[in-house]
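A short worksheet on the structure shown next.
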2 protein chains.
Amino acid sequence: MARKKNATLNDIASTIGVAPMTVSRVVNGTGYVSEKTREKVLLAVKEMSYRRNGLARNLKRQKTDTVGLVLGDISNPYSTEIANAVRERLAARGYNLFICISEHSANEDIGAFESLVDHNIDGLIVATRSNQEGDERLRSIADSNLPVVVVGRDFHHSRVDFVSADNLRGGFEATQHLIDLGHRRIAFIGAGFESRSSLKRLQGYLNALEKHGIEIDERLITGRKESVSDVPGYSTEKIGYEGMKRLLSLPSPPTAVFARNDFTAVGAMSAIKDAGLSIPQDIAIVGFDDTPLASHMMPALTTVRQPMRLLGQLAAEMLLKRIAIEDELERDERVLDCELIVRGSSVATS
Amino acid sequence: MARKKNATLNDIASTIGVAPMTVSRVVNGTGYVSEKTREKVLLAVKEMSYRRNGLARNLKRQKTDTVGLVLGDISNPYSTEIANAVRERLAARGYNLFICISEHSANEDIGAFESLVDHNIDGLIVATRSNQEGDERLRSIADSNLPVVVVGRDFHHSRVDFVSADNLRGGFEATQHLIDLGHRRIAFIGAGFESRSSLKRLQGYLNALEKHGIEIDERLITGRKESVSDVPGYSTEKIGYEGMKRLLSLPSPPTAVFARNDFTAVGAMSAIKDAGLSIPQDIAIVGFDDTPLASHMMPALTTVRQPMRLLGQLAAEMLLKRIAIEDELERDERVLDCELIVRGSSVATS
DNA sequence: TTGTAAGCGTTATCAT
DNA sequence: ATGATAACGCTTACAA
């Protein structure tokens with residue numbers, strides 16, 4: 001038996017001998033319908049297991065009450081917390097959320113954008129790493145006047161709002177913290193997944209060193225040649241492990257390490273332990289993100305916490321505002337503070 | 001300035017003086033169009049920044065090349081790994097994936113189903129915890145002949161395929177492992193988020209005890225009264241912590257614990273450490289899922305690993321098959337083996 | 001309270 | 001190689 005075609009409004013209408021419009025009114029609970037007719041319709045609807053066609057409906061209504069969210073690494077708690085916050089805020093305002101995953105390749109970014117835009121979403125939130133082609137497409141989407149908000153990464157467009165944690169400052173403070181502890185040979189692990197200027201955390205690290213007159217040693221900045229493609233989720237851990245190995249083999253290894261994120265930091269910690277060194281006595285380490293992992297490591301990982309929920313909430317609100325106010329809107333731009341969370345991986349606990 | 005209306009096929013057509021159909025052919029690369037006309041069209045398309053209307057297109061085509069995935073807890077690596085695997089498989093076959101989050105409440109399940117179905121997705125994959133009302137709606141969706149696959153939970157419907165890890169067996173083996181180590185007072189943490197029969201891991205625990213003639217002590221089964229609503233993501237950890245506290249306050253506390261998942265186990269570990277007890281000497285512990293957390297705990301957490309990627313791949317394939325073959329299909333049902341991963345939380349490392 | 005007509009933006013189909 | 005027409009399933013606006 002082939003898949004049976006679903007009943008339409010017209011089918012219902014002609015079956016019970018009323019106008020399609022009457023059925024529509026009953027189904028949507030709009031306008032006046034006599035109790036008698038209403039019951040007849042409801043019965044038929046149930047009988048024929050009618051299901052309204054959202055495509056047709058939305059085509060006519062010219063809106064979908066749906067927002068799209070494109071996520072890079074869905075395995076990262078950073079992303080999922082944002083997604084949860086976005087969803088909550090949207091739901092409170094009657095909007096649905098469709099999430100698309102793009103594992104950071106330009107093609108996938110574009111695919112995600114297209115599929116979402118194809119469904120005529122009312123707005124788009126983007127939280128992927130930036131890449132040339134993807135950004136180009138995103139720009140053209142913004143040009144076409146679809147409300148867009150970008151989270152946690154750079155993107156400049158007069159009609160696109162932007163919200164991010166202060167990665168520059170976060171990187172600075174993490175490094176500053178290590179300097180304050182007396183370290184001078186401080187390494188950075190996980191550079192180079194993207195252009196250096198776009199990696200604000202690395203920039204913050206460099207700024208802190210510079211401010212304290214510590215010369216930058218390129219050998220202490222690792223990860224530059226790693227390719228991130230086909231890296232599944234949190235296994236940037238591997239990059240941390242290998243980066244640390246390399247650092248340990250230097251003639252004069254670092255006494256402290258700032259890792260681009262917690263997973264990378266965790267990988268580095270493994271390498272340090274494998275080398276028989278202790279944390280933080282031999283090498284201190286700081287991560288970024290404050291994932292659940294961080295607080296459970298041994299020693300617990302000092303890290304920089306991003307206000308994930310707030311990021312998501314703001315992104316949702318900015319977007320809703322753009323959707324509601326159809327007029328030209330000033331670009332809104334928010335940079336939120338991070339918080340350094342000091343734990344045992346940088347300061348020995350008594 | 002109000003948001004400008006997007007150009008349509010007709011706009012393009014009338015602007016350059018051809019039929020809409022011609023523009024359509026160019027845009028979709030189907031049928032014959034003279035090079036000259038094509039260029040003219042392409043130019044206009046770019047000029048007017050034309051974007052095809054997917055709603056109208058899909059309404060006409062009667063398909064969307066899109067599959068929906070409803071996820072319960074998106075903060076759980078279990079979910080995200082499945083999502084990644086599903087997405088990959090679908091992408092390889094030209095399908096897009098829209099993910100909806102439902103934090104385990106019936107309303108949200110239904111909302112997610114509805115919003116997805118409203119967009120006329122070609123198929124639906126469901127990976128939420130089961131709940132009465134949600135299941136009812138899901139049943140009616142399946143009745144309406146939309147291809148549906150359910151992952152990692154019960155659901156019976158003649159047209160709905162099913163794939164899951166063997167939670168029963170996993171729970172059994174985890175418990176068996178503890179029994180083999182000589183434990184007799186073994187607790188279970190995290191029962192009761194749903195009906196007991198639906199929590200296969202608990203069932204497996206009970207079966208193992210029974211098999212070895214160990215009497216079931218209800219006081220050792222904890223978590224029954226916890227409500228999971230408004231529990232954000234991985235903070236089932238809290239449930240583990242509190243459950244363990246309660247167990248430790250028993251006249252005769254357990255010597256081993258099986259936790260419903262890794263987060264719960266981690267919470268329990270904290271409680272054990274806080275009580276000044278050591279793992280596994282005083283209390284052994286086993287989790288479930290093998291999240292990244294597990295291998296990094298101190299001691300590392302013994303846990304039961306689910307084949308997440310395989311689950312996702314199979315789900316995608318089952319669904320694609322249902323979509324491709326429009327005829328009635330036998331219900332396909334797969335239960336995949338779990339793997340017990342023994343680490344330091346149950347067996348002291350030498 | 002109910003019905004009619006038109007159209008949302010495409011594409012399938014047949015015609016030229 | 002291009003066009004005309006109808007239809008996808010619904011809702012808006014108006015009429016009865």
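A note on names: the letters A, B, ... follow the listed sequences, proteins ahead of strands, and every chain is numbered from 1.
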Could you run down the sub-3.5 Å N/O contacts of the protein with nucleotides 13-16 of chain D?
none

> Listed by chain and number, what are the salt bridge (Lys or Arg N to Asp or Glu O under 4.0 Å) partners of A:Arg38, not counting sequence neighbours?
Replying inline: none

>> Taking salt bridge (Lys or Arg N to Asp or Glu O under 4.0 Å) as the definition, give me every residue that meets it alongside B:Arg331, ordered by chain and number, with sequence neighbours left out.
In response: B:Glu333

> What pairs with A:Arg57 under salt bridge (Lys or Arg N to Asp or Glu O under 4.0 Å), at least two apart in sequence or on another chain?
Replying inline: none

>> The side chain of A:Ala56 is closest to which nucleotide in this list: C:dG3, C:dT10, D:dG9?
In response: D:dG9

>> Per the ring pair (Phe, Tyr, Trp, His ring centres under 6.0 Å) rule, what does the pair list look like for residues 116-141 of chain A, sequence neighbours excluded?
In response: A:His119-B:Phe98, A:His119-B:His119

> Of the nucleotides D:dG3, C:dT10, C:dT2, which has the atom closest to the A:Val33 side chain?
Replying inline: C:dT2

>> Taking salt bridge (Lys or Arg N to Asp or Glu O under 4.0 Å) as the definition, give me every residue that meets it alongside A:Arg61, ordered by chain and number, with sequence neighbours left out.
In response: A:Asp65

> So how far off straight is the helix from C:dT1-D:dA16 to C:dT16-D:dA1, going by the axes through five pairs at either end, to 10°?
Replying inline: 40°

> Base, sugar-phosphate, or nothing: which does B:Arg51 touch, judged by heavy atoms less than 4.0 Å apart?
Replying inline: sugar-phosphate

>> Without decimals, in angstroms, what is the distance between B:Arg57 CZ and C:dG9 P?
In response: 16 Å

> Out of D:dC10, D:dT2, C:dT11, which nucleotide sits closest to the side chain of B:Lys60?
Replying inline: C:dT11

> When you check the phosphate oxygens OP1 and OP2 of D:dT12, does a side-chain N or O of A:Gln62 lie under 4.0 Å from one of them?
Replying inline: no

>> How many whole angstroms separate atom CZ of B:Arg61 from atom P of C:dT10?
In response: 13 Å

> Is a donor on one side and an acceptor on the other found under 3.5 Å between the side chain of A:Asn28 and the backbone of A:Thr30?
Replying inline: no

> So which nucleotide from C:dT11, C:dT2, D:dT11 ends up closest to the side chain of B:Leu9?
Replying inline: C:dT11

>> Looking at A:Asp118 and B:Arg51, is any side-chain nitrogen of the basic one under 4.0 Å from a carboxylate oxygen of the acidic one?
In response: no

> On DNA chain D, nearest-nucleotide positions of B:Thr37 versus A:Asn28: which is more 5'?
Replying inline: B:Thr37

> Can you check the A:Leu55 CG to C:dG7 P distance for me, whole Å?
Replying inline: 21 Å

> Given atom CD of B:Glu35 and atom P of D:dT2, what is their separation to the nearest angstrom?
Replying inline: 10 Å

Output side-chain donor-acceptor pairs under 3.5 Å for residues 13-23 of chain B, partner residues at least two apart or in another chain, one line each.
unit_1	atom_1	unit_2	atom_2	d
B:Ser14	OG	B:Asn10	O	3.1
B:Ser14	OG	B:Asp11	O	3.3
B:Thr15	OG1	B:Asp11	O	2.6

>> Given D:dT2, C:dG3, C:dG9, identify the nucleotide with an atom nearest to the side chain of A:Thr22.
In response: C:dG3

> Nearest nucleotide by nearest heavy atom, which residue falls closer to the 5' end of DNA chain D, B:Tyr32 or A:Ser24?
Replying inline: B:Tyr32

> Listed by chain and number, what are the side-chain contact (heavy atoms from CB on, under 4.5 Å) partners of A:Gln132, not counting sequence neighbours?
Replying inline: A:Glu136

>> Taking the minimum atom-to-atom distance to the side chain of B:Ser34, which one of D:dG9, D:dA1, D:dG3 wins?
In response: D:dA1

